[in-house]
Amino acid sequence: MDFKDTPEQAEFRKEVQAWLKANATPKTKDGGRGSQEEAYEKAKAWYKKVYDAGYACPTWPKEYGGAGLTQIHKVIWSQEVAKYDEPDGYFVIGQGNCGPAIMHFATEEQKTSLLPRMASAEDVWCQLFSEPSAGSDVAGLRTKAELKGDKWIVNGQKIWTSGAQHSDYGVVLCRTDTDVSKYRGMTMFFIDMKQPGVDVQPIKQMDGGSHFNEVFFNNAEIPDSQRLGEVGGGWGAALLVLMNERLAISGVQPDGFPEFFELVQSLELNGEPVVNNPVVRDRLATWYTQHAGIKASTNRMLTAVAKGGMPGAEAALGKLVGAVMNQDIANYALQLMADTGAICDESLAPQRAHFQKSVLFAPGIRLAGGTDEVMRNIIAEQVLGLPQEPRADKGMAFKDIPSGNQH
Ligand SMILES: Cc1cc2nc3c(=O)[nH]c(=O)nc-3n(C[C@H](O)[C@H](O)[C@H](O)COP(=O)(O)OP(=O)(O)OC[C@H]3O[C@@H](n4cnc5c(N)ncnc54)[C@H](O)[C@@H]3O)c2cc1C
């Protein structure tokens, strides 16, 4: 694991630094991000600018709108852009999760028409896996797709679909056969989200935003040409998406440490800089150790991927530790801020109310992309080699699995 730039990588870093200096917005302590709609428009404009400059989706081939570079170049880009106030991870679900599925399963014509528009955020994509009765156990999903002629007719409901209200397309996992085991009866498609029969209902969150949605399908049609992979091959296709999700979120999931480090340098407690307080120093040391550990294990995974490997189950470690730490830090930071912790106005609160917002969104980060318990199961089974947890429905036809719902 050597993270010193090679001469070629140093040259690329210099080029990126110069471009960002000329084009990106510097971080400021004041001013807010505005409404959710404004943040969305700002993100679209930023992605288009990055695309026009040739830095979008660094690892994708040039003919599909990428830069044709390596995973290490992508890390360099992420490190440099993180120094600016730009929403570079905003469309990570499309580019990080759906993009690889299209790249792997779609026809050449679909790839050349869809991927560059995804890279420039001209088209926005969402991932439609979770359902009211299928989250951790996504293979328990019930949204049905039935083949009529050369079209699939889709009926059912998805939930927690991030960004669906803005999306042009979605990658959707459906039940296509109930006579076989739950893993063998699913098929993956991409769907036009603006067509009749697709009804998107935003969910109001406790932080005031509506980032995710319920999506209802009522006889929505998908041409068979939009099938991604084999009929019944949906589980394998979904694993490919989830593996890429691990890789994509490992670069953008917050752990709260950099912001906490900044905060403690600016606060006072009983007339003394808070950073001199032994209890605060103890927390700082613990969280720094975890932050450094996550960074090292992410780098180890990226090195493996750069050498042609696949993102491994080790990413679950970073997800678990980072998401818990992010929530603990947010809670602790608000306590340190005392009365100021209650001020949510971005223009008045320290760090544009970062921790006030984080306290309300941090619980969601512990669920999104797999809950803490699911991460622990992955680490136990796939990293430590412990026995699998019992699966009562193993080998059973989907239609025979006991449930309160109709099949
Ligand atoms: C911010 C956010 C964004 C999201 N975006 C998307 C999206 O874009 N697309 C999408 O498809 N989904 C999305 N999701 C859904 C997310 O994938 C699910 O919330 C997650 O997989 C958990 O599923 P669930 O909510 O149904 O909880 P459940 O699976 O019902 O879990 C309930 C509880 O049981 C525990 N549990 C479940 N199974 C086990 C087990 N085997 N062992 C031990 N404990 C277990 C869980 O850890 C949890 O505590 C998003 C969620 C959030 C919070």
Side-chain angles (χ1 to χ4, degrees), residues 36 89-99 101 124-143 156-167 169-175 182 186 188-191 193 200-217 234-235 237-246 248-249 252-254 316 319-320 322-324 326-327 357-382 386-394 403-405:
Q36 190 174 321
Y90 202 92
F91 297 118
V92 65
I93 290 182
Q95 296 185 353
N97 306 3
C98 305
V124 172
W125 286 65
C126 62
Q127 177 184 325
L128 301 136
F129 283 14
S130 305
E131 298 186 4
S133 60
S136 302
D137 179 22
V138 74
L141 62 85
R142 287 166 191 281
T143 291
Q157 184 199 345
K158 298 287 173 180
I159 194 167
W160 316 126
T161 317
S162 302
Q165 73 270 53
H166 298 303
S167 292
Y169 294 100
V171 167
V172 60
L173 202 54
C174 298
R175 174 82 36 211
K182 63 181 181 181
M186 292 180 289
M188 198 160 84
F189 306 89
F190 70 89
I191 185 165
M193 293 293 289
V200 178
Q201 299 287 341
I203 297 171
K204 188 85 174 163
Q205 296 156 205
M206 68 175 169
D207 68 352
S210 287
H211 296 281
F212 45 38
N213 304 265
E214 289 180 290
V215 179
F216 298 90
F217 299 109
W235 183 240
L239 289 182
L240 183 116
V241 172
L242 295 174
M243 212 148 49
N244 279 287
E245 178 178 45
R246 281 184 204 155
I249 62 173
V252 295
Q253 186 197 289
K319 161 75 174 70
L320 175 64
V324 173
N326 182 56
Q327 188 173 19
K357 284 184 266 180
S358 187
V359 145
L360 298 176
F361 201 66
I365 295 179
R366 290 180 66 175
L367 306 175
T371 65
D372 290 3
E373 289 76 14
V374 166
M375 293 303 116
R376 288 200 169 91
N377 276 348
I378 293 173
I379 294 164
E381 293 176 15
Q382 296 177 35
L386 295 176
Q388 285 201 337
E389 64 172 332
R391 289 184 178 134
D393 53 16
K394 204 169 177 180
S403 124
N405 295 332

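Computed from a predicted structure; not experimentally measured. We count ligands from 1, going down the list as the structure has it; atoms in each ligand are counted the same way.
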**Student:** At under 4.0 Å between heavy atoms, is it the side chain or the backbone of L367 that contacts ligand 1, or both, or neither?
**Tutor:** both

**Student:** In ligand 1, which numbered atoms sit nearer than 4.0 Å to a non-hydrogen atom of E373?
**Tutor:** 43 (C), 44 (N), 46 (C), 47 (O), 49 (O)

**Student:** At less than 4.0 angstrom from any non-hydrogen atom of E389, what atoms of ligand 1 do you find?
**Tutor:** 40 (C), 41 (N), 42 (N)

**Student:** Just jot down the ligand 1 atoms closer than 4.0 angstrom to any heavy atom of F129, in number order.
**Tutor:** 11 (O)

**Student:** If you take all heavy atoms of A238 and M188, which pair is closest and at what distance?
**Tutor:** N-SD, 4.2 Å

**Student:** For residues W160 and S130, report the shortest heavy-atom separation together with the two atoms involved.
**Tutor:** CD1-CB, 4.2 Å

**Student:** Are any non-hydrogen protein atoms located under 4.0 Å from atom 53 (C) of ligand 1?
**Tutor:** yes

**Student:** Please list the nearest protein heavy atom to atom 19 (O) of ligand 1 with its residue and the distance rounded to 0.1 Å.
**Tutor:** W160 CD1, 3.9 Å

**Student:** Does the side chain of L242 reach to within under 4.5 Å of the side chain of Q127, using non-hydrogen atoms?
**Tutor:** yes

**Student:** How far is atom 1 (C) of ligand 1 from the closest protein heavy atom, and which atom is that?
**Tutor:** F212 CE2, 3.4 Å

**Student:** Please write down residue, atom name and distance for the protein heavy atom closest to atom 5 (N) of ligand 1.
**Tutor:** S162 OG, 2.7 Å

**Student:** Under the side-chain contact (heavy atoms from CB on, under 4.5 Å) criterion, do S136 and E373 qualify, and how do the steps go?
**Tutor:** CA-CA 9 Å; S136 302; E373 289 76 14; over 6 Å; no

**Student:** Carefully, step by step, assess N97 and V171 under the rule side-chain contact (heavy atoms from CB on, under 4.5 Å).
**Tutor:** CA-CA 9 Å; N97 306 3; V171 167; over 6 Å; no

**Student:** Which ligand 1 atoms are under 4.0 Å away from a heavy-atom of I93?
**Tutor:** 8 (O)

**Student:** Looking only at the side chains, is there a donor atom on one of S210 and Q36 sitting less than 3.5 Å from an acceptor on the other?
**Tutor:** no

**Student:** Under a 3.5 Å distance rule, please check whether E245 uses its side chain to pair with a backbone N or O of G369 as donor and acceptor.
**Tutor:** no

**Student:** Closest non-hydrogen protein atom to atom 26 (O) of ligand 1, residue and atom name please, with distance?
**Tutor:** G135 CA, 3.3 Å

**Student:** For Q127, counting its heavy atoms only, list the atoms of ligand 1 lying under 4.0 Å from any of them.
**Tutor:** 7 (C), 8 (O), 9 (N), 10 (C), 11 (O)

**Student:** Working to the nearest 0.5 angstrom, can you tell me the gap between L320 CG and I379 CD1?
**Tutor:** 5.0 Å

**Student:** Looking at atom 32 (C) of ligand 1, would you say a protein heavy atom lies below 4.0 Å from it?
**Tutor:** no

**Student:** Indicate whether atom 39 (C) of ligand 1 is within a distance of less than 4.0 angstrom of some protein heavy atom.
**Tutor:** no

**Student:** Please assess R142 against R175 for the test side-chain contact (heavy atoms from CB on, under 4.5 Å), listing each intermediate value before the final yes or no.
**Tutor:** CA-CA 6 Å; R142 287 166 191 281; R175 174 82 36 211; 5.8 Å; no

**Student:** Which ligand 1 atoms are under 4.0 Å away from a heavy-atom of T371?
**Tutor:** 22 (C), 46 (C), 47 (O)

**Student:** Can you tell me how the ring of W125 sits relative to the ring of F190, calling it parallel under 30°, perpendicular over 60° and tilted otherwise?
**Tutor:** tilted

**Student:** Please report which non-hydrogen protein atom sits nearest to atom 37 (C) of ligand 1, along with the residue it belongs to and the distance in Å to one decimal place.
**Tutor:** S136 OG, 3.5 Å

**Student:** Among protein heavy atoms, which lies nearest atom 15 (C) of ligand 1, and at what distance?
**Tutor:** S130 OG, 3.2 Å

**Student:** Could you tell me, atom by atom, which parts of ligand 1 come under 4.0 Å of a heavy atom of N377?
**Tutor:** 40 (C), 41 (N), 42 (N)

**Student:** Decide yes or no on salt bridge (Lys or Arg N to Asp or Glu O under 4.0 Å) for R366 and D372, but give the supporting numbers first.
**Tutor:** CA-CA 6 Å; R366 290 180 66 175; D372 290 3; 2.5 Å; yes

**Student:** How does V138 reach ligand 1, by side chain, by backbone, by both or by neither, if only non-hydrogen atoms under 4.0 Å count?
**Tutor:** neither

